[in-house]
Amino acid sequence: MAETKKLLRALAGETLDTPPIWMMRQAGRYLPEYRATRAQAGDFLSLCYNPELAAEVTLQPIRRYGFDAAILFADILLVPQALGADLWFVTGEGPRLSTITDQAGFDALKPASAIHDTLSPVYETVRILSRELPAETTLIGFAGAPWTVATYMIAGRGTPDQGPAHALREGNTALFEALLERITEATIDYLSMQIEAGAEVVKIFDSWAGSLKGDDFAKYAVEPCRRITAAIKDRHPGIPVIGFPREAGEGYVGFHAATGVDCVALDNSVDPEWAAKNVQVSGCVQGNLASSHMVTGGQALVDETRRIVKAFSGGPHIFNLGHGITPDADPENVQLMIDTVRG
Ligand code: 1CP
């Protein structure tokens, strides 16, 4: 049967008249219905591990806006938790984890094969979603890339420059690489289980790839993404993979070929016309409207949305923001972006 879902058509390399659209963090605090369900769940992690409510918040932006894709509601930090790290969220600040800074900390982690005990509710969320989503909506599963996940496991929190992770990389390269290896194995199994439960596409979020330079970018951003993509394609032929090496800059060039991903997601620091010439020539791209437009709206939102659609109109493109939508965004600006894209 010929593929009819727009997102899958773009991922297969088709140039569409109107790009499919979805939005990073589309289920999130900018929506009143999300805040209500999160309050019902009690807290963020309880929401992630409650399949009915996690499916409900995943569906909310689909009902409200009719996006072409739904992304599983979960978090990249569930994998460290499943490997044995302590994880909690401090209201108004963000995630906190127990830290891994030495061999003893690493030795206390569970093997990759043990993650499913913790993560099985996530697979149940995927199963509910694959039953309940509209026929035209694609279901995206995801995980964090090993480097990005490691930055949180080493520092115990989000960091502006990933300093603690770089320090371990330099000071104890063997331990750092063993940690990346453990996360890579866990990520392959985790994504594989999401696909078995019904995810049709998977996305690998390397939010902190931009702080890896030169050979380190090749070793710790490109290579793990290549390994995960190869393993997914080996186990699940035909499942498309989206890679997001955020703030990679020149590192976006050649990323399709170096990793085997079907689509490269772009942050908004790269110019769409440059990216069309240098990245989209190699395959589908996703992006890349600055999420600040969801706060400010108006003619600037319309103009910038049109500029991005036009720049990428000569090849396969999935419209998205350059990073997640923020809690202070106005839901009406999201509608304005969608109306502008769909013309
Ligand atoms: O208070 C709340 O309700 C929590 C806010 C929130 C949400 C809605 C967090 C905490 N995570 C999520 C969901 C989430 N996270 C999704 C679900 C699907 C969707 O997009 O709608 C996804 C894909 C993520 C991925 C994620 N989590 C990333 C990668 C993408 C990115 O934004 O760069 C990262 C780095 C995280 C860690 C994390 N989780 C939450 C926060 C606030 C953070 C960032 C911490 C930091 O700034 O370092």
Side-chain angles (χ1 to χ4, degrees), residues 22-50 53-62 64-65 67 69-81 85 87-97 122 125-126 129 139-165 187 190-191 194 199 201-211 242-248 265-268 286-287 291 294 320-329 334:
W22 68 282
M23 194 172 69
M24 283 185 272
R25 295 271 169 97
Q26 62 191 21
R29 283 170 292 176
Y30 75 106
L31 288 179
E33 58 268 37
Y34 171 85
R35 295 194 297 268
T37 309
R38 186 177 180 280
Q40 193 188 338
D43 58 40
F44 174 66
L45 280 176
S46 306
L47 179 54
C48 290
Y49 288 118
N50 182 320
L53 296 183
E56 166 58 25
V57 295
T58 308
L59 290 164
Q60 286 168 350
I62 308 305
R64 188 190 264 256
Y65 298 115
F67 283 117
I71 184 160
L72 161 70
F73 190 84
D75 196 81
I76 66 164
L77 300 176
L78 304 188
V79 166
Q81 188 177 38
L87 171 68
W88 67 103
F89 281 80
V90 179
T91 313
E93 288 186 36
R96 295 288 183 275
L97 300 89
V122 176
T125 307
V126 176
L129 287 168
L139 178 55
I140 304 174
F142 75 93
W147 159 249
T148 287
V149 172
T151 66
Y152 289 94
M153 293 181 81
I154 295 164
R157 57 193 297 164
T159 45
D161 58 358
Q162 297 74 61
T187 302
Y190 180 46
L191 291 175
Q194 292 180 29
V201 174
V202 292
K203 178 169 175 184
I204 303 166
F205 284 88
D206 209 350
S207 303
W208 301 117
S211 78
I242 304 173
F244 183 34
R246 191 169 72 89
E247 301 207 336
L266 304 163
D267 71 86
N268 51 277
Q286 176 178 284
S291 52
M294 298 300 101
N320 206 308
L321 302 178
H323 200 190
I325 188 169
T326 51
D328 55 345
V334 176

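From a predicted model like this one, the values you see are computed outputs, not experimental measurements. Just follow the structure's listing: the first ligand is 1, and inside any ligand the first atom is 1.
For the pair W208 and ligand 1, the shortest N or O to N or O distance does not fall below 3.5 Å. Between T159 and ligand 1, no pair of N/O atoms sits closer than 3.5 Å. Residue H323 places at least one N or O, backbone or side chain, under 3.5 Å from an N or O of ligand 1. Distances between N or O atoms of Y34 and those of ligand 1 include at least one value under 3.5 Å. Distances between N or O atoms of P95 and those of ligand 1 include no value under 3.5 Å.
When the options F205, W22, F244 are evaluated for a ring pair (Phe, Tyr, Trp, His ring centres under 6.0 Å) with F142, the one that passes is F205.
Interface atoms of ligand 1 facing F89, defined by a heavy-atom separation under 4.0 Å, are 10 (C), 39 (N), 40 (C). Listed by number with element, the atoms of ligand 1 under 4.0 Å from a non-hydrogen atom of G158 are 48 (O). Every atom of ligand 1 is numbered from 1 in the order shown, and the set under 4.0 Å from a heavy atom of L72 is 17 (C), 18 (C).
G141 and A199 make their closest contact through N-CB, 3.9 Å (heavy atoms, listed as atom of the first residue, atom of the second, distance). Smallest separation of non-hydrogen atoms from G324 and R25: CA-CG, 3.8 Å. Annotation for F73 and A54: closest pair CB-O, 3.6 Å, computed over non-hydrogen atoms. Shown here for L78 and C48, the closest heavy-atom pair between the two residues is CD1-CB, 4.1 Å. Nearest heavy-atom pair across I242 and Q286 is CD1-OE1, 3.7 Å. The two residues P164 and T159 come nearest to each other via the heavy atoms CD-CG2, 4.1 Å.
Of the protein's heavy atoms, F142 CZ, 3.6 Å lies nearest to atom 22 (C) of ligand 1. Nearest protein neighbour of atom 17 (C) of ligand 1, counting heavy atoms only, is A74 O, 3.5 Å. From the protein, the heavy atom lying nearest to atom 25 (C) of ligand 1 is I76 CG2, 3.7 Å. Distance from atom 5 (C) of ligand 1 to its nearest protein heavy atom, with residue and atom name: R29 NH2, 3.7 Å. R25 N, 2.7 Å is the protein heavy atom nearest to atom 20 (O) of ligand 1.
Residue contacts with ligand 1, taken as heavy atom pairs separated by less than 4.0 Å, involve R38 solely via side-chain atoms from C-beta onward.
Selection from D206, D267, D75 by nearest heavy atom to atom 38 (C) of ligand 1 gives D75. Between atom 12 (C) of ligand 1 and the options Y152, F44, Y30, F205, the minimum heavy-atom separation is to F44. By heavy-atom distance, the residue among P160, S207, P327, A143 lying nearest atom 33 (O) of ligand 1 is S207.
The local environment of CZ in R64 is crowded, with over 12 non-hydrogen atoms from other residues, nucleotides or ligands closer than 6.0 Å.
Classification of the W208-Y152 ring pair by plane angle, with boundaries at 30° and 60°, yields tilted.
The line from CD of E247 to CG of D267 is 5.0 Å long, rounded to the nearest 0.5 Å.
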Q162 vs S211, side chain to side chain donor-acceptor pair (under 3.5 Å): CA-CA, chis, key distance, verdict: CA-CA 7 Å; Q162 297 74 61; S211 78; 3.0 Å; yes

